[in-house]
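Remarks on the structure that follows.
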Amino acid sequence: HGCYRRMALSWCDSIAFDVVKPRLDSLDGSVLTFAIRGASARAAENTIEAFRLAIELGASGIASEAWPTADGDAVLHRDARVGPRFRRRRIDQVARDQLPTHLCSVEDLYEVLDPSSSVSIDLQDPVAFDPVVAAARNAGGETERRLWLSHPELETLTALRRRTAARLVLSSSLRSLGTGPERCAAELRERGIDGLRLHHSEWHGGLVALLHRFERYALGWGPEHEREMAKLVNAGIDAVASSRIDRMTAVMAQFE
């Protein structure tokens with residue numbers, strides 16, 4: 001009975017979400033849909049297969065974390081260490097060709113993306129900035145301008161601002177903002193930082209509108225269910241990052 005109940009709840013969730021028309025507008029009039037580590041709900045995360053599948057399912061782009069290697073490259077991985085439990089090594093202490101072959105570099109990612117696709121990279125280690133931006137520039141066209149780089153420290157983002165045309169985003173939480181969202185939005189504008197990324201549960205229409213008043217982007221991450229995704233889109237969010245890009249595509253279709 002428990003199995004059938006879970007199936008019923010899953011089915012209900014897939015159809016029971018509210019679409020408000022007209023919804024609040026995003027800053028550019030469209031919503032970017034980022035697949036977290038590729039279509040990681042259907043394929044091994046951060047693999048070429050996952051990246052390709054995400055785009056096939058309708059994602060606007062890929063979201064992941066990039067870590068620097070010892071020889072100046074940048075690879076996509078969930079955290080800073082790699083390897084089996086008792087033999088884990090820091091990625092920044094290993095050369096690219098000594099890492100497991102399944103790890104993809106940022107250049108590998110760009111090789112399978114369409115030029116119109118966007119990329120969102122979480123720079124937990126700012127040392128990854130140079131190889132990430134270099135990979136975007138090497139891909140040509142408007143690729144660097146379609147790159148979104150996030151970091152939790154405003155001072156770090158400010159120091160990077162003059163070095164790239166990529167979108168820079170403060171990754172934070174409402175509790176961590178300290179000065180409050182309005183003062184944060186004003187400071188982002190003063191420093192030339194393009195947007196704020198929060199967990200999906202923290203966004204609502206008023207907060208998104210506040211960011212837009214300062215001409216800053218609002219990015220939400222982590223929704224898994226259609227009703228959560230629809231709430232963000234209804235609120236005028238500018239970008240959504242989820243591991244369930246198939247559900248996100250279905251939600252977006254309801255707003256067209």
Side-chain angles (χ1 to χ4, degrees), residues 32-85 87-125 127-150 164 166-167 169 197 219 221-224 239-250 252:
L32 291 175
T33 52
F34 289 108
I36 297 179
R37 307 182 190 103
S40 53
R42 293 194 174 191
E45 64 182 37
N46 286 325
T47 60
I48 295 298
E49 178 187 4
F51 300 149
R52 284 177 173 157
L53 180 57
I55 300 304
E56 290 175 5
L57 291 172
S60 301
I62 304 297
S64 191
E65 304 87 354
W67 301 94
T69 65
D71 53 349
D73 205 342
V75 295
L76 302 170
H77 194 57
R78 181 185 289 264
D79 55 48
R81 296 178 181 273
V82 67
R85 182 175 180 181
R87 298 178 57 191
R88 292 178 67 77
R89 298 178 294 173
R90 287 185 57 87
I91 292 174
D92 62 4
Q93 296 177 356
V94 184
R96 174 72 178 92
D97 61 3
Q98 297 300 312
L99 288 168
T101 56
H102 71 270
L103 288 186
C104 289
S105 68
V106 180
E107 287 190 348
D108 293 335
L109 169 61
Y110 275 114
E111 287 180 2
V112 300
L113 290 184
D114 184 273
S116 64
S117 298
S118 297
V119 174
S120 175
I121 297 292
D122 191 356
L123 292 175
Q124 290 291 334
D125 186 342
V127 175
F129 171 84
D130 285 330
V132 168
V133 171
R137 290 173 179 167
N138 290 339
E142 294 292 308
T143 309
E144 185 177 359
R145 294 185 180 276
R146 292 193 176 96
L147 174 63
W148 299 71
L149 300 175
S150 61
T164 182
R167 304 286 175 83
V169 177
R197 187 182 75 162
L219 297 85
W221 66 272
E224 292 292 314
V240 182
S242 173
S243 62
R244 299 306 303 259
I245 197 62
D246 50 345
R247 295 178 181 178
M248 187 71 251
T249 301
M252 293 306 303

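Heavy atoms from other residues, nucleotides or ligands lying under 6.0 Å from CZ of Arg145 number 12 at most.
With values rounded to the nearest 0.5 angstrom, Ile62 atom CD1 is found 11.0 Å from Tyr110 atom OH. With rounding to the nearest 0.5 Å, the separation of CG in Leu53 from CZ in Arg42 is 6.5 Å. Considering CD of Glu142 and OG of Ser116, their distance stands at 12.0 Å, rounded to 0.5 Å. Going from atom OG of Ser243 over to atom CD of Glu224 covers 3.5 Å, rounded to the nearest 0.5 Å. Atom OG1 of Thr69 is separated from atom CD of Gln98 by 11.0 Å, given to the nearest 0.5 angstrom. Atom CD of Glu45 sits about 9.0 Å away from atom NE2 of His102, to the nearest 0.5 Å.
With contacts defined as side-chain heavy-atom distances shorter than 4.5 Å, the pair Arg37/Leu76 does not qualify. Residues Met248 and Met252 are in side-chain contact: their nearest non-hydrogen atoms beyond the backbone lie under 4.5 Å apart. The shortest side-chain heavy-atom distance between Leu109 and Cys104 does not fall under the 4.5 Å cut-off. Here the side chains of Trp67 and Leu103 are not in contact, with every heavy-atom distance at 4.5 Å or above.
In terms of heavy atoms, Ala136 sits closest to Thr143 at O-CB, 3.4 Å. Minimum heavy-atom separation, Ser117 to Arg146: O-CD, 3.6 Å. The two residues Ile36 and Gly222 have their closest heavy-atom pair at CD1-N, 4.3 Å. Considering all non-hydrogen atoms of both residues, Ser118 and Phe34 come closest at CB-CE2, 3.7 Å. Taking all atoms of both residues into account, the shortest heavy-atom contact from Ala59 to Ala35 is CB-CB, 4.1 Å. The shortest non-hydrogen separation linking Ala50 to Ala44 is CB-O, 3.3 Å.
A donor-acceptor distance shorter than 3.5 angstrom exists from the side chain of Asp71 to the backbone of Arg96, with no hydrogens or angles considered. Listed for the Thr33 side chain is a donor-acceptor partner under 3.5 Å among the backbone atoms of Ser60. Under a 3.5 Å cut-off, the side chain of Arg167 and the backbone N or O of Ser120 do not form any donor-acceptor pair. In terms of modelled atom types and a separation under 3.5 Å, the side chain of Ser242 and the main chain of Ile245 share no donor-acceptor contact. Side-chain N or O atoms of Arg88 include one that pairs as donor or acceptor with a backbone N or O of Gly83 at under 3.5 Å.
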For the pair Glu65 and Asp79, evaluate side-chain contact (heavy atoms from CB on, under 4.5 Å) and give the outcome as yes or no after the intermediate values. CA-CA 7 Å; Glu65 304 87 354; Asp79 55 48; over 6 Å; no

For the pair Asn46 and Ser64, evaluate side-chain contact (heavy atoms from CB on, under 4.5 Å) and give the outcome as yes or no after the intermediate values. CA-CA 8 Å; Asn46 286 325; Ser64 191; 2.7 Å; yes

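For the side chain to side chain contact (heavy atoms under 4.5 Å, CB included) with Trp148, the lone residue among Ile121, Asp122, Leu219 that qualifies is Leu219.
A salt bridge is defined here as a Lys NZ or Arg NE, NH1 or NH2 lying under 4.0 Å from an Asp or Glu carboxylate O, and Arg137 with Glu144 meets this definition. The pair Asp92-Arg90 counts as a salt bridge, with a side-chain nitrogen and a carboxylate oxygen less than 4.0 angstrom apart.
Asp246 and Thr249 share no donor-acceptor pair across their side chains, judged by distance under 3.5 Å alone.
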